[in-house]
Amino acid sequence: DYQDNKLEKNIGTISKIKHALENFGIITYYQAIVDKNGTPIKYEALVRMRDGKKILSPFFFLEVSKKTKYYQEITRHVIFYGFRRV
């Protein structure tokens, strides 16, 4: 059944998010935003999640995290580590 499969997948994703938060598996990449001359003027932080040897884009975990307490934890993590890089 579609609903059962979706629920099972979401539970698996939540488990992966929790594991990533507990084991430094939420990571950020910094992408330069450049002016018309190609000079970096600022950077944006892009969140990713480590899943074993794979790096997942937010497409695979962010929507599920928004339905749980983990979205706020991911946000705090990105902000905290973003400021540590400054």
Side-chain angles (χ1 to χ4, degrees):
D1 173 62
Y2 174 77
Q3 290 293 3
D4 290 340
N5 288 339
K6 186 174 179 180
L7 179 62
E8 225 175 273
K9 184 177 178 184
N10 286 350
I11 290 170
T13 301
I14 290 167
S15 177
K16 289 178 183 186
I17 293 168
K18 182 179 181 204
H19 182 266
L21 283 163
E22 292 171 348
N23 295 284
F24 304 99
I26 299 296
I27 53 180
T28 50
Y29 290 103
Y30 299 92
Q31 178 172 306
I33 304 206
V34 298
D35 65 14
K36 63 182 178 182
N37 299 316
T39 304
I41 55 173
K42 56 186 171 182
Y43 292 84
E44 67 177 324
L46 306 171
V47 67
R48 300 290 185 264
M49 184 174 79
R50 191 176 326 235
D51 179 22
K53 293 184 180 197
K54 296 184 282 184
I55 302 296
L56 303 178
S57 79
F59 173 82
F60 295 101
F61 65 92
L62 212 54
E63 195 60 39
V64 172
S65 76
K66 288 179 180 181
K67 298 174 184 173
T68 69
K69 64 181 179 181
Y70 296 121
Y71 183 75
Q72 286 125 1
E73 289 186 46
I74 291 169
T75 301
R76 277 193 291 274
H77 178 91
V78 170
I79 291 169
F80 177 78
Y81 284 100
F83 278 109
R84 286 188 61 177
R85 292 228 184 248
V86 173

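Hydrophobic clustering of Ile, Leu, Val, Met, Phe, Trp and Tyr side chains at less than 4.5 Å, counting indirect connections, unites Phe59 with Ile14. Both Val78 and Tyr71 sit in one connected hydrophobic cluster of ILVMFWY residues. Membership requires side-chain heavy atoms under 4.5 Å apart, directly or through other members. Residues Val64 and Ile55 do not share a hydrophobic cluster, defined by chaining ILVMFWY side chains whose heavy atoms lie under 4.5 Å apart.
Between the CD1 atom of Ile17 and the NZ atom of Lys69 there is a distance of 12.0 Å, given to the nearest 0.5 Å. Put simply, CG on Asn23 and NZ on Lys18 are 10.5 Å apart, with the number rounded to the nearest 0.5 Å. The line from CG of Leu46 to CD of Gln31 is 5.0 Å long, rounded to the nearest 0.5 Å. Here Ile33 contributes atom CD1 and Lys42 contributes atom NZ; the two are 5.5 Å apart, rounded to the nearest 0.5 Å. One finds the CG atom of Leu56 at 7.0 Å from the CZ atom of Phe61 (value rounded to the nearest 0.5 Å). The CE atom of Met49 sits 9.0 Å away from the CG atom of Leu21 when rounded to the nearest 0.5 Å.
Nearest heavy atom pair, residue Tyr30 against residue Ala45, reads CE2-CB, 3.7 Å. Considering every non-hydrogen atom in both Arg50 and Ala20, the closest pair reads O-CB, 4.3 Å. Summarising the geometry of Phe60 relative to Thr13, their closest heavy-atom pair is O-CG2, 3.7 Å, with the distance given to 0.1 Å.
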(message) Between Glu63 and Lys66, does the side chain to side chain contact (heavy atoms under 4.5 Å, CB included) criterion hold? Intermediate values first, please.
(response) CA-CA 5 Å; Glu63 195 60 39; Lys66 288 179 180 181; 4.2 Å; yes
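Remark: the backbone N or O of Asn37 is paired with a side-chain donor or acceptor of Asp35 at under 3.5 angstrom. At distances below 3.5 Å, not a single donor-acceptor pair connects side-chain atoms of Ser15 with backbone N or O atoms of Ile11.
Side-chain atoms of Ile74 and Val47, non-hydrogen and from C-beta on, do get closer than 4.5 Å to each other.
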